[in-house]
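Nothing here was measured: the structure is a model prediction, and the numbers come from that model. This chain uses plain numbering: 1 for the first residue, then up along the sequence.
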Amino acid sequence: LYLVQVAIRGVIDAFKFVFDFGRLGAEVIQTTKSFEAMTLSVGSNSDLLNKLRTAARGTASDLELMQAAQTALIGLTPKLGNEMANALPHILEIAKAANAVNPSLGTTAFLFESLTVGIKRLSPRLIDNTGLQLKLGKATEDYAKSVGKSVDSLTAEERQIALLNATMAAGDVLINQIG
């Protein structure tokens with residue numbers, strides 16, 4: 001009776017494995033299609049996944065990278081989406097650098113999400129999770145000067161681009177500090 005029970009448990013475990021493997025395969029296929037559509041919709045180049053792989057240096061799977069990129073790009077206009085897509089590999093490097101400097105800040109995935117969501121929501125407080133201290137007013141002033149506009153005439157999208165640029169600049173300082 002015991003051997004029959006062990007055999008049945010083995011068969012159940014095998015079916016569970018096959019089912020889980022099939023579900024994961026379907027998730028990968030769907031995520032890949034969505035990723036390709038998302039990057040196309042924001043006008044990003046087709047090499048984004050390779051750039052993210054290089055930035056991750058083996059610390060994240062392709063599935064995780066595609067999911068994180070899609071979360072960062074959801075709901076963005078083509079202009080901001082393109083800017084963000086081009087910046088994502090560097091934002092990932094900034095998140096990795098922040099984690100390397102102080103692991104208690106959170107995982108690289110958490111810090112990456114903090115950076116991208118902080119930029120999308122115009123929330124320097126989320127970006128502060130990485131240790132980077134940004135002033136939204138200064139970022140928008142600098143961007144307004146660079147495009148020949150007044151701060152008051154900047155659109156929400158332009159303010160997000162301003163914060164993206166400021167985040168990238170502050171991130172460069174962090175990356176240079178840790179080498």
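Between L134 and D128, every side-chain heavy-atom pair lies at or beyond the 4.5 Å cut-off. Between Q160 and R121, the closest side-chain pair of non-hydrogen atoms is not below 4.5 Å. Residues T39 and L49 are not in side-chain contact: their nearest non-hydrogen atoms beyond the backbone lie 4.5 Å or more apart. Side-chain contact check for F112 versus T107: every heavy-atom pair is 4.5 Å or farther apart. Using a 4.5 Å heavy-atom threshold, the side chains of I161 and K79 count as touching. For the pair M38 and I74, the minimum side-chain heavy-atom distance is below 4.5 Å. Contact annotation: the side chain of L163 never approaches that of S123 to less than 4.5 Å [non-hydrogen atoms, C-beta and beyond]. Between L115 and T167, the closest side-chain pair of non-hydrogen atoms falls below 4.5 Å.
Few gaps surround NZ on K149; more than 12 heavy atoms of other groups in view lie less than 6.0 Å from it. Heavy-atom neighbours of E113 CD from other residues, nucleotides or ligands within 6.0 Å: at or below the threshold of 12.
Between the E64 side chain and the S61 main chain, a donor and an acceptor come within less than 3.5 Å of each other. With Q70 contributing its side chain and Q67 its backbone, the two residues share no donor-acceptor pair below 3.5 Å. Here the side chain of R159 pairs a donor or acceptor atom with the backbone of V151 at under 3.5 angstrom. In this structure a side-chain-to-backbone donor-acceptor pair under 3.5 Å is missing from K96 to T108. Between the side chain of N99 and the main chain of A95, no donor-acceptor pair closer than 3.5 Å is present. Although no hydrogens or angles enter the test, the distance criterion places no donor-acceptor pair under 3.5 Å between the side chain of N165 and the main chain of A139.
Rounded to the nearest 0.5 angstrom, L132 CG and I94 CD1 are separated by 6.5 Å. A distance of 6.0 Å separates CE in M84 from OG1 in T116, rounded to the nearest 0.5 Å. R125 CZ to Q133 CD: the interatomic distance, rounded to the nearest 0.5 Å, is 11.5 Å. Interatomic distance, NE2 of H90 versus CG of L164, reported as 10.0 Å (0.5 Å rounding). One finds the CG atom of D47 at 4.5 Å from the CG atom of N50 (value rounded to the nearest 0.5 Å). For the atom pair CG (L174) and OG1 (T130), the distance works out to 7.0 Å, reported to the nearest 0.5 Å.
Within the structure, the side chain to side chain donor-acceptor pair (under 3.5 Å) test picks out the following pairs touching residues 135-144 (sequence neighbours left out): K138-D142.
The nearest pair of heavy atoms linking A60 to L65 is CB-CD2, 3.9 Å. Residue K51 comes nearest to P89 through the heavy atom pair CB-CG, 3.5 Å, listed as atom of the first residue, atom of the second, then distance. In terms of heavy atoms, L154 sits closest to A144 at CD1-CB, 3.9 Å.
A continuous path of Ile, Leu, Val, Met, Phe, Trp and Tyr side chains, each step under 4.5 Å between heavy atoms, connects L52 with M168, placing both in one hydrophobic cluster. Note on I91 and L136: same hydrophobic cluster, where clusters join Ile, Leu, Val, Met, Phe, Trp and Tyr whose side-chain heavy atoms are under 4.5 Å apart, directly or indirectly. L105 and I175 fall into different hydrophobic clusters, where Ile, Leu, Val, Met, Phe, Trp and Tyr side chains are chained together by heavy-atom contacts under 4.5 Å. Placement of I178 and L111 in two distinct hydrophobic clusters is found when ILVMFWY residues are connected by side-chain heavy-atom separations under 4.5 Å, directly or transitively. Taking hydrophobic clusters as Ile, Leu, Val, Met, Phe, Trp and Tyr residues chained together by side-chain heavy-atom distances below 4.5 Å, V117 does not share a cluster with I127.
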### Message
Determine whether L73 and L88 satisfy the following criterion, side-chain contact (heavy atoms from CB on, under 4.5 Å), listing intermediate values before the conclusion.
### Response
CA-CA 9 Å; L73 298 174; L88 285 178; 4.2 Å; yes

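Using modelled atom types and a 3.5 Å distance limit, the side chains of N82 and N86 yield a donor-acceptor pair. Side-chain contact annotation: D152 with S150, donor-acceptor N/O pair under 3.5 Å absent.
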